[in-house]
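Reviewing the structure listed below.
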Protein chains: 2
Amino acid sequence: MHSNKRKRLEAKGWKVGDAKKFLGLSPEEEAYVEIKLSLSESFRAQRLRRKMTQSDAAKLLKSSQSRVAKMEAGDSSVSLDLLVRSILALGVSGKRLIQSLSTRKSSPAA
Amino acid sequence: MHSNKRKRLEAKGWKVGDAKKFLGLSPEEEAYVEIKLSLSESFRAQRLRRKMTQSDAAKLLKSSQSRVAKMEAGDSSVSLDLLVRSILALGVSGKRLIQSLSTRKSSPAA
DNA sequence: GCATTATATGTCAGATATGACATAACATTC
DNA sequence: GAATGTTATGTCATATCTGACATATAATGC
């Protein structure tokens, strides 16, 4: 694993440092986690771009501040469905959502 | 709505023809459905490319033939998570999965 | 320092997705 | 048209996700 990727994951609380578990992830598990993290970061970036607080976003999404925090933290209790629907609800088009998956640094599509 | 898109959705059992409900979908709801359909079709294409039956795929995914059928039918009971994890489990890389979302005809990214 | 605001973490009852099963509908070969 | 193989549809108990709440931990301004 490249160190910058490791850093990204550690920063999200995946505890890569001491986790045989993570290091043992199969390629498909790793790709899945990367897609989720990428969406998490997209969501946060879009929320901040719109100068919304987590509570503002929660209201828009008819969710709660705590769930928004978990979404942005890449918490394992958050589904891809919720992430995708939330990003779309912020006004990002399907096209741009997908572009963001392809164009990010350390992208799952890299 | 373009007639080719309508055709795609009708073919998947979304009953667009008589559905005010669908025609009334907001842009984000429509984008979400399009992403799901796109993944459904990707999954089926990949399964067939590997010359697997739905039962073969179910075994690989530790799921069931009926759920695979629902995945491919774009059934609303199937999550994005399951679709994405299943496509990855067939051996498609994260990169190619995302590319397929961008490059298809009538893509959600179009 | 201490309010105030924003974000993070833990828990849980209710909602939704899941694999499994039964069975139906289609297709292909004989 | 019977047999066989494949895919589709309906249902259900269990597993997983969800919003909500409480509360903790930053961060910012005074």
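Residue numbers start from 1 in every chain, and the chains themselves are labelled A, B, ... in the order their sequence lines are given, proteins ahead of strands.
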| Base of D:dA8 paired with side chain of B:Gln65 (donor-acceptor, under 3.5 Å) |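 Looking at the base of D:dA8, it does pair with a donor or acceptor on the side chain of B:Gln65 (distance under 3.5 Å).
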Mind calculating the distance between [atom1] ([X]) and [atom2] ([N]) to the nearest angstrom?
X	N	atom1	atom2	answer
A:Gln54	D:dA27	CD	C1'	13 Å
B:Lys51	D:dT6	NZ	C1'	16 Å
B:Arg47	D:dT6	CZ	P	10 Å
B:Glu72	D:dT6	CD	P	14 Å

Locate the shortest heavy-atom distance separating [X] from [Y]; write the atom from each residue and the value.
X	Y	value
A:Ser93	A:Leu88	C-CD2, 4.0 Å
A:Arg67	A:Val78	NH1-CG2, 3.7 Å
B:Ser38	B:Ser100	OG-O, 4.4 Å
B:Gln65	B:Ala58	N-CB, 3.5 Å
B:Val92	B:Leu97	CG1-N, 3.6 Å
A:Asp81	B:Ser79	OD1-CB, 3.4 Å

| query | Going 5' to 3' on DNA chain C, which nucleotide is the first and which the last to come under 4.0 Å of a heavy atom in chain B? | reply |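 Contacts span C:dA17 to C:dC21, reading 5' to 3'.
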Give [X] one of three labels, base, sugar-phosphate or nothing, depending on what nucleic acid heavy atoms sit under 4.0 Å from its own.
X	result
A:Val78	sugar-phosphate
A:Ser64	base
B:Ser63	sugar-phosphate

| Under 3.5 Å side-chain donor-acceptor pair for B:Glu29 and B:Ser26 |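 Distance-only check passes for B:Glu29 and B:Ser26.
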Nucleotides 11-16 of chain D: which of its N/O atoms have a protein N/O under 3.5 Å away?
unit_1, atom_1, unit_2, atom_2, d
D:dT11, O4, B:Lys70, NZ, 3.2

| request: For the residue pair A:Leu39 and A:Leu101, establish whether any side-chain heavy-atom pair is separated by less than 4.5 Å. | output: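 Side chain of A:Leu39 against side chain of A:Leu101, heavy atoms only: contact under 4.5 Å found.
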| query | Is any side-chain heavy atom of A:Met52 closer than 4.5 Å to a side-chain heavy atom of A:Gln46? | reply |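 No; the side chains remain at least 4.5 Å from each other.
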